[in-house]
Amino acid sequence: MTGLALLGAGIAAGLAAIGTGVGNGMVISKMLESMARQPELSGQLRTSMFIGVGLIEAVPIIAIVIAFMLLVK
């Protein structure tokens with residue numbers, strides 16, 4: 001195992017975590033803004049938000065899998 005593989009794994013995991021945090025924050029803030037503007041659509045907005053957050057959360061999982069693949073290689 002080389003130092004570059006460890007560095008690449010750490011960078012992949014770190015950037016994925018940062019990107020996920022930013023993405024989740026943007027999705028949730030826009031959903032709250034939309035709920036404030038149109039409260040009657042809150043159920044539909046909440047459902048769409050959960051789907052979006054679930055898709056965003058897939059990114060760090062994939063990044064961790066890639067990081068483990070780099071470490072095993």
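Ala16 approaches Ala63 most closely through the heavy-atom pair CB-CB, 3.3 Å.
For the pair Leu41/Met35, no side-chain contact is recorded, criterion being any heavy-atom separation below 4.5 Å from C-beta on. Inter-residue side-chain proximity for Gln38 and Leu45 is flagged as unmet; no heavy-atom pair is nearer than 4.5 Å.
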#### Entry: Worked check of side chain to side chain contact (heavy atoms under 4.5 Å, CB included) between Met49 and Lys30
CA-CA 9 Å; Met49 182 207 60; Lys30 292 299 180 180; over 6 Å; no
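Neither Leu71 nor Leu7 shares a network with the other; the hydrophobic side chains, linked directly or stepwise wherever heavy atoms of I, L, V, M, F, W or Y lie under 4.5 Å apart, form separate groups for each. Residues Val59 and Ile66 fall into different hydrophobic clusters, defined by Ile, Leu, Val, Met, Phe, Trp and Tyr side chains chained together at heavy-atom separations under 4.5 Å. Cluster annotation: Ile62 and Met69 are assigned to distinct hydrophobic clusters (Ile/Leu/Val/Met/Phe/Trp/Tyr, side-chain heavy-atom contacts under 4.5 Å, transitive). When hydrophobic clusters are built by joining Ile, Leu, Val, Met, Phe, Trp and Tyr residues whose side-chain heavy atoms come closer than 4.5 Å, directly or via intermediates, Ile64 is grouped together with Leu6. The cluster map of Ile, Leu, Val, Met, Phe, Trp and Tyr, joined by side-chain heavy atoms under 4.5 Å apart, puts Ile61 and Ile56 in different clusters.
Proximity of a side-chain donor or acceptor of Ser29 to a complementary backbone N or O of Met26 within less than 3.5 Å is detected. With hydrogens and angles ignored, the 3.5 Å screen pairs a side-chain donor or acceptor of Ser42 with a backbone N or O of Pro39.
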